[in-house]
Colleague: 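Just passing along the structure, written as structure tokens.
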Amino acid sequence: MHEECGVVGVSFKDEAPAALSIYYALYALQHRGQESAGITVHDGAQVRTLKGMGLVPEIFNRQDIQRLKGHVGIGHVRYSTTGSSKIENCQPLLVSFKSGNIAIAHNGNLVNSKELRTELEKEGRIFLSDSDTEVIAHLLVKKLMNYELEDAVQELMKLLIGSYSLVILIDNSLIVVRDPLGIKPLCLGQIDNGYVVTSESAAIDILNGQLIRDIAPGEMLIFSNGSYESKHLVKSRNHAHCVFEYIYFARPDSVIDGELVYNVRMRIGKTLFEEHPAKADIVSPVPDSGITYAIGFSKESAIDYMEGLMKNRYIGRTFIMPGQDMRETAVRLKLNTIRPNIEGKSVVLVDDSIVRGTTSRRIIDLMRKSGAREIHVRIASPPIISPCYLGIDMATREELVAAHKAVKGVEAVINADSLGYISLEGLVKSIGIPLDDLCVGCLTGEYPVEIPGERCTRRQLKLSEF
Ligand code: AMP
């Protein structure tokens, strides 16, 4: 199961209501998941949860937030496409055990959850969902039966392979954990009277807070009574921050592992021009994902930035009635051309990535129909040649157009006059984090953890290193 998610945890010193801050933070993280959302809070005596399918404002109203009493809590937004769109998979996942309640929200994907689940099932444990988060919940409860919290979490981390940024409520203690490779983002912020931990720092800004730092890979933080304690539970020689967070997934106003996503994207745009210059009348982004790159490209090339396409931001899950030219209607509903800006012109069209190639093809066809003379496509990632197993919902290898075709072949598929992808070196330089500390599995087919049937470049952690 492939998922994309956002998580948040809030801990206040006094009786301030955590649910309202979590609600605002989930709004800020909505781009990370639009399928379901949930909030769990604890008031020192009782745990309360509300979760549902849909967007944050569709699930929570003012009364709900007021009813969710508690000074500590966690929240989650989730998106998945592989047939698991059901309420059982919504998070936070709440379980009760001998000593109390545990609520967990997870961003990431375990690559060994099947094996772990089979082991647990052999012991007679039952599962209500097909999410790997439930596997984590079972294992945590199991470890808490035999160990104190710190050791229990460390023992849990020894079993998990993959990406996991976790926010956990054990009664009224907030615990946050980031996997030893730091694959998915997680950061800490100070807010009035307390702390917030969230997938992206933009959510801290929305709460008028200050970003303190990233949660270190392999680190656990325990919050109680308005302060927190840090434990580095697992060491790792290198990290594996997901490049796709910078390329597509994260908001440009977020700082991830020390780099402002906007600045990274500007640098990528500049590098794209250096590597693949073009003679053209205008530089135009595919909105919204191509905008910052196109600005960078335009600055460096001194070719005018001009919008050739306009996006409908309210499109949601619109249905298209059969009988019209469905394909064109579907594209035009989402993206329409600004005809005079492109008519008779040579256009550099900038986008973040090509996955299946279908979007680019449709956009280019539309632009040609609107009179664009030439279309030179520039892409802010190297060709995506391998699937993601670690938390980005992408596509299967068969579906990835660049897995089977060289650049010229993709150029033909999307019907561009020219096509240039940024190089891996150019991307890494633009991000500003060494290649050894990035996960570039989707771009190279070499992953930072062992995945059956795939190549792994990293030295595996030995148990003695925990
Ligand atoms: P396509 O090549 O038709 O599969 O579409 C690629 C476009 O979808 C890219 O230009 C991105 O803007 C967007 N995209 C890339 N990755 C994802 C993802 N994981 N989820 C949703 N949209 C994505």
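The first residue of the sequence shown is numbered 1, and numbering continues consecutively from there. When a ligand or atom number is given, it counts from 1 through the structure's own listing order. It should be emphasised that the depicted structure is a prediction, and the values quoted were computed from it without experimental measurement.
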Colleague: Taking the side chain as every heavy atom from C-beta outward, state whether Leu335 and Pro287 have any atom pair closer than 4.5 Å.
Modeller: yes

Colleague: Are side-chain heavy atoms of Asp281 and Arg373 found at a separation under 4.5 Å?
Modeller: yes

Colleague: Looking at atom 13 (C) of ligand 1, what's its closest protein heavy atom, distance included?
Modeller: Tyr248 CE1, 3.7 Å

Colleague: Of all the heavy-atom pairs spanning Arg339 and Ser370, show the shortest one and how long it is.
Modeller: CG-O, 3.5 Å

Colleague: Flag the pair His138 / Phe127 as yes when their ring centroid distance falls below 6.0 Å, and as no otherwise.
Modeller: yes

Colleague: I need the atoms of ligand 1 closer than 4.0 Å to a non-hydrogen atom of Asp352, numbered in the order shown.
Modeller: 9 (C), 10 (O), 11 (C), 12 (O)

Colleague: Hey, which atoms in ligand 1 end up nearer than 4.0 Å to a heavy atom of Asp351?
Modeller: 10 (O)

Colleague: Which ligand 1 atoms are under 4.0 Å away from a heavy-atom of Ser289?
Modeller: 12 (O)

Colleague: Between the side chains of Ser131 and Glu134, does any donor sit under 3.5 Å from an acceptor?
Modeller: no

Colleague: Flag the pair Phe297 / Phe273 as yes when their ring centroid distance falls below 6.0 Å, and as no otherwise.
Modeller: yes

Colleague: So, Ser430 versus Arg265: side-chain donor-acceptor pair below 3.5 Å or not?
Modeller: no

Colleague: When you look at Arg455 and Glu446, which way does the salt bridge (Lys or Arg N to Asp or Glu O under 4.0 Å) test go after all the steps?
Modeller: CA-CA 5 Å; Arg455 278 175 292 146; Glu446 293 176 353; 2.8 Å; yes

Colleague: Would you say Glu4 contacts ligand 1, with heavy atoms under 4.0 Å as the rule?
Modeller: yes

Colleague: Does ligand 1 have any atom that is closer than 4.0 Å to a heavy atom of Gly357?
Modeller: yes

Colleague: Near Asp393, which atoms of ligand 1 are under 4.0 Å from a heavy atom of that residue?
Modeller: 18 (C), 19 (N), 20 (N)

Colleague: Pick whichever of Cys388, Ala402, Ser353 has a heavy atom sitting closest to atom 15 (C) of ligand 1.
Modeller: Ser353

Colleague: What is the closest protein heavy atom to atom 5 (O) of ligand 1, and at what distance does it sit?
Modeller: Thr359 OG1, 3.0 Å

Colleague: Considering heavy atoms of the protein only, find what lies nearest to atom 4 (O) of ligand 1 and give residue, atom and distance to 0.1 Å.
Modeller: Arg356 N, 2.8 Å

Colleague: Does Phe244 come within less than 4.0 angstrom of ligand 1, counting non-hydrogen atoms of the residue?
Modeller: yes

Colleague: Please check if a non-hydrogen protein atom sits closer than 4.0 Å to atom 8 (O) of ligand 1.
Modeller: no

Colleague: Side chains of Asp132 and Ser113 only: does a donor on one sit below 3.5 Å from an acceptor on the other?
Modeller: no

Colleague: Which of the atoms of ligand 1 are close to Ile392, meaning less than 4.0 Å from one of its heavy atoms?
Modeller: 19 (N)

Colleague: Does any N/O atom on Ser360 come nearer than 3.5 Å to any N/O atom on ligand 1?
Modeller: no

